[in-house]
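One structure is given here, and the rest of the page talks about it.
Counting starts at 1 for both ligands and their atoms, following the listed order.
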Amino acid sequence: MSTKSTKRPVFKCQQCGECCQGIGGILLQPEEMAQITAFLNLDPEDLKARYLVASPLGLQVAAQDGACVFLHNHRCLIHPVKPRICRQWPFLPALLAHPDEFEAAKGACPGLAPAASHQDFLKAASEQI
Ligand code: SF4
Ligand code: SF4
């Protein structure tokens, strides 16, 4: 008899690009801008002109056609240097602190296992570190 587990991981990105839809709100820190500038081989002014917009809280990633400007063909154009919040997803403080936020996120992200409990999620988050 096989002992191999068939249980789905708590999180496995399906690369659907759904979390990159919307009008943004991703604020960038200076070091993130520097990394993206270097990765895209742009000068900082070009990065700002082509990909960023000003907001009351600072520069943020622009949107294009209702999605993040860096989303192309369901893929992140800057995946190796994507902003911290994108790298953290779904292990964000709000989802870790609030089971109801975690349950709501399951409806938006097919990478989250529907049957996973919040405890499973916390355990998976601790294993990320
Ligand atoms: S919504 Fe979830 S499964 Fe889809 S790309 Fe984003 S993290 Fe991956
Ligand atoms: S930077 Fe990349 S991962 Fe983050 S929202 Fe934009 S396309 Fe998605």
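The backbone N or O of Glu45 lies less than 3.5 Å from a partner atom in the side chain of Asp43, making a donor-acceptor pair. In this structure, the side chain of Lys48 does not engage the main chain of Leu59 through any donor-acceptor pair within 3.5 Å. Under the 3.5 Å distance criterion, the side-chain polar atoms of His118 are matched with a main-chain donor or acceptor of Leu95.
The atoms of ligand 1 that sit less than 4.0 Å from any heavy atom of Glu18 are 1 (S). The ligand atoms of ligand 1 that sit less than 4.0 angstrom from a heavy atom of Gly17 are 4 (Fe), 5 (S). Close contacts of ligand 2 with Lys82, meaning ligand atoms under 4.0 Å from a residue heavy atom, involve 3 (S). Those atoms of ligand 1 with a heavy atom of Cys109 less than 4.0 angstrom away are 1 (S), 2 (Fe), 3 (S), 7 (S). The Cys19 neighbourhood of ligand 1 comprises atoms 1 (S), 5 (S), 6 (Fe), 7 (S), with distances under 4.0 Å to a heavy atom of that residue. Close approach to Trp89 involves these atoms of ligand 1, each under 4.0 Å from a residue heavy atom: 7 (S).
Proximity of Pro83 to ligand 2, defined as any heavy-atom pair under 4.0 Å, is confined to the side chain (atoms from C-beta onward). Contacts of Leu77 with ligand 2, taken as heavy-atom pairs under 4.0 Å, are absent altogether.
In this structure, the protein non-hydrogen atom closest to atom 8 (Fe) of ligand 2 is Cys20 SG, 2.3 Å. For atom 2 (Fe) of ligand 2, the closest heavy atom belonging to the protein is Cys76 SG, 2.3 Å. Of all protein heavy atoms, the one lying nearest to atom 4 (Fe) of ligand 2 is Cys86 SG, 2.3 Å. In terms of protein heavy-atom proximity, atom 6 (Fe) of ligand 2 is nearest to Cys68 SG, 2.3 Å. When only non-hydrogen protein atoms are considered, atom 5 (S) of ligand 2 lies nearest to Ile26 CD1, 3.6 Å. Nearest protein heavy-atom neighbour of atom 3 (S) of ligand 1: Gln14 N, 3.2 Å.
In this structure, the side chains of Pro90 and Cys109 stay at 4.5 Å or more apart for every pair of heavy atoms.
Between Phe121 and Phe91, the two ring planes are parallel [angle under 30°; tilted spans 30° to 60°].
In terms of heavy-atom proximity, Cys76 sits nearest to Leu71 at N-CD1, 4.4 Å. Of all the heavy atoms in Cys16 and His74, the pair that sits closest is O-ND1, 3.2 Å. Closest approach of Arg84 and Glu32 over heavy atoms only: N-OE2, 2.7 Å.
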Stepwise side chain to side chain contact (heavy atoms under 4.5 Å, CB included) check, Leu40 with Asp46: CA-CA 10 Å; Leu40 294 177; Asp46 278 344; over 6 Å; no
Residues Ile26, Gln60; criterion side chain to side chain contact (heavy atoms under 4.5 Å, CB included); working and verdict: CA-CA 5 Å; Ile26 300 173; Gln60 64 181 38; 5.5 Å; no
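Coordination check, Cys16 versus atom 4 (Fe) of ligand 1: passed, since an N/O/S atom of the residue sits under 2.8 Å.
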